[in-house]
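Just below is one structure, and these are the notes that go with it.
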Amino acid sequence: MSSNDLVTEGKRQLRVCNACRYCEGYCAVWRAVERHREFSDKDLAYFANLCHDCRDCYFACPFTAPHEFAINPPKLFSGLRVESYRKYAWPNGWTRLLGRRRGFWRVAILAMLFMVVSSIVTNGVDRIFRHHVGPGAFYKVISEPALEIGFGVLGVWFVGGWLFGAIRFWRDIKPSNLGPVTRKDLIKATSDALKLRYLGREGLEEERAVNRRWLHHLVAYGFILDFISTALGAFYSHVLHVQAPYPIDNPVVILGVLGGIGIIVGTAGLLYGKSKTERAAADENSEESGSAFSVSLLTIGVTGMLVLLLRNTAAMGVVLAIHLGTVASLFFTAPYSKFVHFVYRYLALLRYAQEERTVGSATKREH
Ligand code: SF4
Ligand code: SF4
């Protein structure tokens with residue numbers, strides 16, 4: 001479905017939902033929807049990023065196909081979410097190219113080849129296949145300055161791309177009549193995002209919702225632990241002048257392993273869950289984007305563990321190049337992949353917090 005068709009279809013379905021309102025207690029989306037009489041494409045982008053695809057409304061709805069209304073909010077919102085990743089990214093055409101599994105693998109293979117070739121060019125042909133042990137062993141395969149410059153540039157690209165999309169998305173969804181964002185709004189949105197509050201609602205698919213919540217927690221906190229491990233590694237290297245690889249009981253390794261386990265278990269569980277869900281409620285583009293992201297994180301987790309297991313063998317150089325290639329690909333594709341969902345969902349929760357504080361409290365007073 002084209003972007004315009006999705007918007008037209010979204011307006012049609014939400015008019016039916018607003019007349020029905022059976023789902024109003026299900027999640028934040030329905031409280032936000034019922035505050036509208038008309039829907040713009042920007043409102044639809046906001047609702048879509050507020051939806052976490054639990055599918056409770058779909059299973060409760062008496063108007064799904066084959067009923068003539070053919071209501072299907074999870075599929076609609078999934079399609080609109082992918083459209084929002086495309087619309088707010090720059091250059092936006094890259095989302096179709098890089099937000100898919102094929103895009104991730106193409107970039108990853110190029111990055112791996114680059115790592116191997118640059119290692120051979122700078123260190124000689126046999127260095128990558130040799131057995132290296134002790135402090136600085138990793139840098140005998142790929143030099144420390146090359147790694148720092150490469151990932152520094154990718155980090156700026158990644159954060160810059162997210163910021164660019166976030167500013168454009170917020171400009172479109174920010175409410176003009178609710179005043180500035182307050183500290184209370186920020187605290188509520190941050191707390192809802194960190195606790196994955198709406199993902200844990202007890203609903204028709206309670207078991208699946210709870211599992212998804214824990215799997216998402218494992219992925220998110222696994223990623224944070226790995227980020228802390230990397231930052232701590234930089235501190236050891238530059239401030240304490242102790243170079244990687246570190247012993248198994250070092251906090252850098254412990255945090256990295258815990259983070260890696262979280263990512264592997266979480267992404268594998270999410271991929272398995274996806275394979276078992278109701279296909280009729282799924283949007284094809286969204287499924288592809290979601291599984292591309294899960295597969296990329298799973299690959300990073302597995303190759304990271306392989307580096308740890310094989311670091312005292314001659315295979316370390318090749319495995320390290322593969323691992324760094326997958327990480328570089330994740331960084332490069334981050335502004336165009338499902339990864340950007342973290343940013344848009346947070347901003348949607350922020351707008352929702354504003355609405356709840358102002359419109360929500362006014363509604364409560366009226367009652
Ligand atoms: S999804 Fe179905 S049951 Fe829920 S509000 Fe819309 S029309 Fe009503
Ligand atoms: S799929 Fe779940 S989160 Fe999305 S609108 Fe329906 S009930 Fe809300």
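Because only heavy atoms are used, hydrogens play no part in the values below, and waters and symmetry mates are left out as well, while side chains stay in. Counting convention: from 1, in listed order, for ligands and their atoms alike. If you read the sequence from its start, that first residue is 1, and numbering goes on from there.
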_Which segment of His52 sits under 4.0 Å of ligand 2 when only heavy atoms are counted_ =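 Near ligand 2, His52 shows its backbone as well as its side chain.
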_Residue part near ligand 2, for Trp30, under 4.0 Å between non-hydrogen atoms_ =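 Answer for Trp30: side chain.
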_Keeping Thr230 on the side-chain end and Asp226 on the backbone end, is there a donor-acceptor pair under 3.5 Å?_
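Present.
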*Output the list of atoms in ligand 2 that are nearer than 4.0 Å to some heavy atom of Cys54, sorted by atom number.*
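Ligand 2 atoms under the 4.0 Å threshold to Cys54: 1 (S), 2 (Fe), 3 (S), 7 (S).
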_Taking 4.0 angstrom as the limit and counting only heavy atoms of Arg55, give me the atoms of ligand 2 inside it, by number and element._
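Every atom of ligand 2 under 4.0 Å from some heavy atom of Arg55: 1 (S), 2 (Fe).
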*What do the steps show when you test Phe138 against Val307 for side-chain contact (heavy atoms from CB on, under 4.5 Å), and what is the final call?*
CA-CA 10 Å; Phe138 293 156; Val307 171; 4.0 Å; yes
*So, Tyr85 and Ser337: side-chain donor and acceptor under 3.5 Å apart, yes or no?*
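No, no side-chain donor-acceptor pair sits under 3.5 Å.
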*Any non-hydrogen atom of Pro62 lying under 4.0 Å from ligand 1?*
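Pro62: in contact with ligand 1 (<4.0 Å).
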*Answer with yes or no whether Ala60 contacts ligand 1, where contact means a heavy atom under 4.0 Å from a ligand atom.*
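Distance cut 4.0 Å: Ala60 fails for ligand 1.
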Is it true that [X] and [Y] have a side-chain N and a carboxylate O under 4.0 angstrom from each other?
{"X": "Arg55", "Y": "Asp53", "value": "yes"}
{"X": "Lys188", "Y": "Glu356", "value": "no"}
{"X": "Asp41", "Y": "Lys11", "value": "no"}

*What's the spacing between Leu324 CG and Met115 CE if we round to 0.5 Å?*
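Interatomic distance, Leu324 CG to Met115 CE, rounded to 0.5 Å: 5.0 Å.
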*Between CG of Asn18 and NE2 of His36, what distance do you get to the nearest 0.5 Å?*
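Interatomic distance, Asn18 CG to His36 NE2, rounded to 0.5 Å: 9.5 Å.
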*Within a distance under 4.0 Å of any heavy atom of Cys20, pick out the atoms of ligand 1 and give their elements.*
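In order of numbering, the contacting atoms are 3 (S), 5 (S), 7 (S), 8 (Fe).
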*asked:* I need the atoms of ligand 1 closer than 4.0 Å to a non-hydrogen atom of Pro73, numbered in the order shown.
replied: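 Close to Pro73: 1 (S).
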*Can an N, O or S atom be found in Cys23 less than 2.8 Å away from atom 2 (Fe) of ligand 1?*
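So Cys23 does not bind atom 2 (Fe) of ligand 1 by this criterion.
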*asked:* Quick check on atom 8 (Fe) of ligand 2: does Cys27 put an N/O/S atom closer than 2.8 Å to it?
replied: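 Given the 2.8 Å cut-off, Cys27 counts as a ligand of atom 8 (Fe) of ligand 2.
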*With a distance cut-off below 6.0 Å to the six-membered ring centre and an angular limit of 45° from the axis, does Arg81 pair with Tyr344 as a cation-pi contact?*
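Not flagged: Arg81 not positioned over aromatic ring of Tyr344.
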*Indicate, as side chain, backbone, both or neither, the part of Phe63 found under 4.0 angstrom from ligand 1 when only non-hydrogen atoms are considered.*
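Under 4.0 Å from ligand 1, Phe63 contributes side-chain atoms alone.
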*Would you check if atom 6 (Fe) of ligand 1 lies under 2.8 Å from any N, O or S atom of Cys17?*
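Checking Cys17: at least one N, O or S atom is under 2.8 Å.
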*For atom 2 (Fe) of ligand 1, closest protein heavy-atom neighbour*: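 Its nearest protein heavy-atom neighbour is Cys61 SG, 2.3 Å.
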